[in-house]
Amino acid sequence: MDKRPDYKIIEKEIIDFWEKNNKEFNFDINKENKFIIDTPPPFTSGEAHIGHALEFIWIDFLARYKRLKGYNVLLPLGFDCHGLPTELKIINKLKISKENKKEFLEACTDWTNKNIDSMYKTFIRLGLSFDRNKVYKTTDREYQAFTQYTLIKLYKEGLLKRDKNPIMWCPKCQTAISMQEAGYINKEGELFYIRLPLNNGKNILIATTRPELINSCVGILIAKDKYVEIEDNLIVSKNYAIKNNYNIIEEYNFDEIEKYNVKIPLINREVKIYSDQDVDYNYGTGIVWICTYGDPEDIKWKNRYNLDEIVSIDDKGNIISNNELNGLKLKEAREKLKELLKDYIIKIEKIKHNVLSHTERSDCLSELEFIPKEQFFIKMKDIKDKILNWQEKINFIPEYMRNKLIDWINNIDQDWNISRTKMLWGLPFPFYEKDNKIYAVDLEDLPIDPRIDKEKTKKYDGRFFEDETVDVWIESSISPLVIILYSIINNDFDPKNLDNYFEKIKEYLPVNLRQQGYEIIRTWLFDTLLRVELLTNKIPWNNALIHGMVLDEKGRKMSKSLGNVVDPKEIMDKYSPDALRFWALLLSPGNDYKFSIKDIETGQAFAIKLWNIGRYLEMNNIKENKKEELKEEDKYIINKFLLLIEEADRYVNNYRYDEYLKTVKKFVWEDFANDYLEKIKERIKNNDSTAKWVLYNIYKGILILVHPVMPYITEYIYQQLYSKSPILEERFEKLINNISG
RNA sequence: GGGACCGUAGUCUAGUGGUUAUGACGCUGCCCUUACAAGGCAGAGGUCCGGGGUUCGAAUCCCCGCGGUCCCACCA
């Protein structure tokens with residue numbers, strides 16, 4: 001051993017070693033003592049970023065530790081391949097258009113595989129001990145077939161349906177999205193007060209932020225309350241008149257107004273007035289118009305009063321109408337209306353309001369529209385109570401993260417729209433339509449891509465849904481099932497056996513652990529719980545371990561635009577994978593985590609400390625030796641070490657890897673190196689075999705304890721001093737027996 | 001509007017009812033002692049955000065503030 005560890009050499013040698021000696025990484029589903037971890041499949045962007053590094057180092061720590069405890073661990077690595085970002089790269093960077101579907105999909109596949117290669121290399125460098133034989137891609141033949149199989153299963157059980165509904169539509173991405181992907185953004189807006197003539201010569205005053213939807217106006221709603229006439233024959237809520245100091249000319253009860261019709265200017269349509277308990281009397285003028293569709297309320301009211309459906313927004317978010325607004329963008333239409341309706345607009349108020357947007361994709365954030373379309377849905381709206389019961393069976397770490405899920409479940413108000421239109425780089429539906437009915441394809445034809453597999457589709461003589469692919473969360477949200485599938489099939493997959501595979505998978509549920517970030521509780525965690533329960537009537541996992549986000553040193557989110565992104569590869573180049581792991585494992589569950597170069601440096605120093613103790617053993621040629629009479633100092637350190645192992649185990653069981661690491665480090669550095677080792681130097685010089693025995697065995701134990709944190713240096717030193725077999729073949733049980741025996 | 005989390009030494013951070021409040025970095029002094037100066041030894045540094053309450057005892061539990069982060073919510 002040289003004076004300093006050379007990580008360039010160690011990393012390379014140990015990676016080679018693990019590629020040849022990874023028996024301990026492999027999971028055997030037929031063996032007992034299973035510990036199965038459901039890991040997040042990273043999206044194949046090409047970058048394994050610091051967040052991936054953090055979460056996988058965490059998972060790997062646990063996997064290695066559990067193996068040393070004698071568990072048969074499944075640590076899978078998967079890749080989530082489909083999605084819009086890849087399409088955009090292909091279109092914008094490679095300049096390949098979507099016209100030729102086959103060519104486009106091939107380009108997507110190439111791009112994705114290239115990205116996986118580079119990400120895979122980073123994951124290897126991090127020292128991850130995933131099962132090399134069970135790496136999955138959501139685009140694998142087996143994965144696609146299984147995903148389609150689960151959809152067919154849901155369809156046959158009546159849990160998946162095709163419906164025409166107003167759906168959330170992202171005009172920018174030109175696709176439908178699910179409520180899991182939508183959220184509200186607070187924005188500046190304009191509230192238009194528009195005068196609408198009644199057929200009695202008076203006018204009612206409505207307030208709206210969406211005047212451009214005028215062509216879709218199909219009704220007027222008022223609250224069941226008092227309304228008054230103010231100047232210029234305007235009728236508003238009494239509340240509004242008082243608040244704005246208008247002179248009240250006459251007062252009406254709501255039912256006196258309800259009997260009139262309203263003439264919508266510009267389009268000359270007469271619509272009716274309805275009084276409704278859900279109208280907010282205190283907002284605006286207490287009068288609202290219904291346009292199909294400006295927001296979810298409109299959908300409710302349209303259905304309640306059986307109103308017409310007049311769509312005036314196309315897929316690109318442009319206006320459809322038979323007047324001069326036709327073809328305009330929404331904003332242009334809004335501006336133009338200021339001119340066209342100038343005799344009707346009483347005032348325009350600047351307001352801050354929440355706008356429904358495509359929040360799941362931070363590079364989109366486009367405002368959403370409601371457009372009626374025929375799509376596939378998974379039913380979830382009516383089973384909220386069930387879902388709430390399901391989540392109770394899962395243990396959350398930390399417990400308060402459960403609130404995010406409960407909060408979300410309570411808010412479900414629509415079924416899960418799983419169709420994505422205009423998305424080519426996705427999994428197609430295994431269904432076809434014939435005589436207005438939906439049928440599933442035969443299992444033996446899975447996976448099926450009706451856009452390409454014309455041979456397969458021929459026999460069905462029906463219309464496939466070639467313009468739709470499934471929501472990407474549909475693919476990733478069966479990961480707990482798929483990781484077991486891959487363990488069962490052993491590279492020998494036959495779609496005809498899907499029913500058998502499925503029945504077998506169920507036996508292994510729930511798996512031990514899901515680990516993921518809190519930002520995808522409402523998507524990945526929720527979706528997985530829903531899918532797996534609907535399919536199997538079992539919860540997917542017993543434990544959900546939730547971690548926070550990685551922030552920069554100042555506590556800001558990392559983003560390309562801020563230029564504060566830390567690349568794990570650079571850290572590993574400059575320091576070591578072990579040092580990066582040291583930093584990652586100082587995080588406590590649930591909390592956001594600042595990147596800290598100081599902690600990386602401390603980690604590196606600790607690795608060097610371990611190394612130098614190893615050198616001391618090597619220089620003094622410390623071998624197994626014979627234990628004779630233990631001295632006080634020997635007994636003390638042995639006892640302390642045995643207690644440390646117990647304490648460390650408690651920390652792991654509570655997912656407190658930070659405490660584990662701090663406690664172990666303190667023992668190594670202070671108790672063992674600074675105290676014990678200094679004390680026994682004389683004895684070592686005098687060839688005291690008991691001291692050598694203690695030194696030899698405790699240091700070996702230290703290497704084992706530190707190994708889940710710093711696998712490289714511990715594996716390397718272990719080979720130099722102890723054995724050429726992988727250190728993961730060691731067991732805590734054996735170690736304890738040896739030292740205390 | 002509702003909710004969650006957080007506020008501990010110069011900085012970051014653990015602790016969630018019980019002796020001198022954890023650890024890291026930084027800081028001060030001494031030491032190049034053949035495993036290690038990316039080290040060793042010794043040390044300084046805290047009104048645990050503020051106020052009130054519960055308790056024999058509060059950083060920890062409760063209430064009220066102040067400050068921060070995040071999530072959710074249909075108000076046109």
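Throughout, a chain's letter reflects where its sequence line sits, starting with A, and its residues are numbered from 1.
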Student: Across the strands shown, which category fits A/Lys666 at heavy-atom distances under 4.0 angstrom: base, sugar-phosphate, nothing?
Tutor: sugar-phosphate
Student: Are the aromatic ring centres of A/Tyr281 and A/Tyr240 under 6.0 angstrom apart?
Tutor: no
Student: Taking the same atom, P, in B/rC36 and in B/rU69, what whole-Å distance lies between them?
Tutor: 49 Å
Student: Among the candidates B/rA14, B/rC70, B/rA35, find the nucleotide nearest to the side-chain atoms of A/Asn612.
Tutor: B/rA35
Student: What integer distance in Å separates A/Asn403:CG from B/rG3:C1'?
Tutor: 8 Å
Student: Provide the Watson-Crick or G-U wobble partner of B/rG67, both distances under 3.5 Å; none if there is no partner.
Tutor: B/rC6
Student: Under 4.0 Å between a side-chain N or O of A/Asn674 and OP1 or OP2 of B/rG40?
Tutor: yes
Student: Once you round it to whole Å, what is the distance between C1' of B/rG39 and CD of A/Glu678?
Tutor: 10 Å
Student: Measure from the side-chain heavy atoms of A/Asp599 and tell me the nearest of B/rC36, B/rA24, B/rA14.
Tutor: B/rA24
Student: Indicate, yes or no, whether a donor-acceptor pair under 3.5 Å links the base of B/rA35 to the side chain of A/Lys681.
Tutor: yes
Student: Is the closest side-chain donor-acceptor distance between A/Glu309 and A/Tyr293 under 3.5 Å?
Tutor: yes
Student: Phosphate oxygens OP1/OP2 of B/rC74: is one of them under 4.0 Å from a side-chain N or O of A/Tyr184?
Tutor: yes
Student: Check every strand shown and say whether A/Tyr400 touches a base, only sugar-phosphate, or nothing at a heavy-atom separation below 4.0 Å.
Tutor: sugar-phosphate
Student: Base, sugar-phosphate alone, or nothing: which one does A/Ala605 contact when heavy atoms must sit under 4.0 Å apart?
Tutor: sugar-phosphate
Student: Indicate whether OP1 or OP2 belonging to B/rA76 is found under 4.0 Å from a side-chain N or O atom of A/Tyr283.
Tutor: yes
Student: Considering every strand and a 4.0 Å limit on heavy-atom distances, what is the contact class for A/Glu519: base, sugar-phosphate, or nothing?
Tutor: nothing
Student: Look at A/Asp671 together with A/Lys666 and state whether they make a salt bridge at an N to O cut-off of under 4.0 Å.
Tutor: no
Student: Distance check, C1' atoms only: B/rC6 and B/rC48, in whole angstrom units.
Tutor: 14 Å
Student: Using heavy atoms to find the nearest nucleotide of RNA chain B for A/Thr359 and A/Tyr616 separately, return the residue whose nucleotide is more 5′.
Tutor: A/Tyr616
Student: Suppose you measure atom C1' in B/rU33 against the same atom in B/rU19; what distance do you get, rounded to whole Å?
Tutor: 37 Å
Student: Nearest to the side chain of A/Asp658, which nucleotide is it out of B/rA14, B/rA24, B/rA73?
Tutor: B/rA14
Student: Decide, yes or no, whether a salt bridge links A/Asp298 with A/Arg210 under the criterion of side-chain N to carboxylate O below 4.0 Å.
Tutor: no
Student: May I have the distance from A/Arg4 (atom CZ) to B/rA37 (atom P), rounded to whole angstrom?
Tutor: 6 Å
Student: Does A/Trp669 place a side-chain N or O at less than 4.0 Å from the phosphate oxygens OP1/OP2 of B/rG40?
Tutor: yes
Student: Ring centroids only, cut at 6.0 angstrom: are A/Phe377 and A/Trp416 within range, meaning strictly under it?
Tutor: no
Student: Salt-bridged, A/Lys350 to A/Glu188, with N to O below 4.0 Å?
Tutor: no
Student: Suppose we call a contact any N or O donor and acceptor under 3.5 Å apart; does that hold for the side chain of A/Lys609 and the base of B/rC36?
Tutor: yes
Student: So what does A/Lys685 touch, heavy atoms closer than 4.0 Å: a base, only the sugar-phosphate, or nothing?
Tutor: nothing
Student: Taking only N and O in the side chain of A/Thr602, is any of them less than 4.0 Å away from OP1 or OP2 of B/rA24?
Tutor: no
Student: In whole Å, what separates the P atom of B/rU54 from that of B/rG43?
Tutor: 41 Å
Student: For the side chain of A/Asn411, starting at C-beta, report the closest nucleotide among B/rC36, B/rG23, B/rA73.
Tutor: B/rA73
Student: How many Å lie between NZ on A/Lys3 and C1' on B/rA38, as a whole number?
Tutor: 12 Å
Student: Below 4.0 angstrom, N of the basic side chain to O of the carboxylate: do A/Lys338 and A/Glu335 qualify?
Tutor: yes
Student: For B/rG15, take OP1 and OP2 only and decide whether either is under 4.0 Å from a side-chain N or O of A/Arg656.
Tutor: yes
Student: Here's a test of your reading of the structure: between A/Met401 and A/Ile613, which maps to the more 5' nucleotide of RNA chain B?
Tutor: A/Met401
Student: Which nucleotide, B/rA24, B/rA76, B/rU13, lies nearest any side-chain atom of A/Val279?
Tutor: B/rA76
Student: Given the side-chain rings of A/Trp583 and A/Phe595, with only the six-membered ring counted for Trp, is the space between their centroids under 6.0 Å?
Tutor: yes
Student: Starting at atom CZ of A/Arg556, determine the distance to atom P of B/rU69, rounded to an integer number of angstrom.
Tutor: 14 Å
Student: Just how far, in rounded Å, is P of B/rG1 from NE2 of A/His353?
Tutor: 18 Å
Student: Which of parallel (below 30°), tilted (30 to 60°) and perpendicular (above 60°) describes A/Phe606 and A/Trp669?
Tutor: parallel
Student: Under 4.0 Å, counting only non-hydrogen atoms across every strand here, what does A/Leu677 touch: a base, just sugar-phosphate, or nothing?
Tutor: base
Student: Identify which nucleotide among B/rG39, B/rC25, B/rA38 has an atom closest to any side-chain atom of A/Lys598, counting heavy atoms from C-beta outward.
Tutor: B/rC25
Student: Starting from C1' on B/rA38, measure out to CE on A/Met710 and report it in whole angstrom.
Tutor: 12 Å
Student: Check the phosphate of B/rU13 against A/Lys594, side-chain N and O only, distance under 4.0 Å to OP1 or OP2. Yes or no?
Tutor: yes
Student: Taking any strand in view, what nucleotide pairs with B/rU55 in a Watson-Crick or G-U wobble way, both distances under 3.5 Å?
Tutor: none
Student: When you measure from the side chain of A/Thr209, which nucleotide among B/rA76, B/rA38, B/rG2 comes out closest?
Tutor: B/rA76
Student: Please tell me if A/Asn591 has a side-chain N or O lying less than 4.0 Å from either OP1 or OP2 of B/rA14.
Tutor: yes
Student: In whole Å, measure the gap between the C1' atoms of B/rA42 and B/rU47 for me.
Tutor: 28 Å
Student: Write down the distance separating the C1' atoms in B/rA14 and B/rA21, rounded off to the nearest Å.
Tutor: 10 Å
Student: Nearest whole angstrom, please: distance from the P of B/rA24 to the CG of A/Leu586.
Tutor: 11 Å
Student: Any strand is fair game: report the nucleotide pairing with B/rG1 by Watson-Crick or G-U wobble, both distances under 3.5 Å, or none.
Tutor: B/rC72
Student: In whole Å, what separates the C1' atom of B/rU16 from that of B/rC62?
Tutor: 14 Å
Student: Any donor-acceptor pair under 3.5 Å between the side chain of A/Asn620 and the base of B/rA35?
Tutor: no
Student: For nucleotides B/rC5 and B/rC63, find the distance between their P atoms and express it as a whole number of Å.
Tutor: 12 Å
Student: Closest approach to the side chain of A/Met619, judged atom by atom: which nucleotide of B/rC5, B/rA35, B/rA37 is it?
Tutor: B/rA35
Student: Measure from the side-chain heavy atoms of A/Thr208 and tell me the nearest of B/rA14, B/rG2, B/rA76.
Tutor: B/rA76
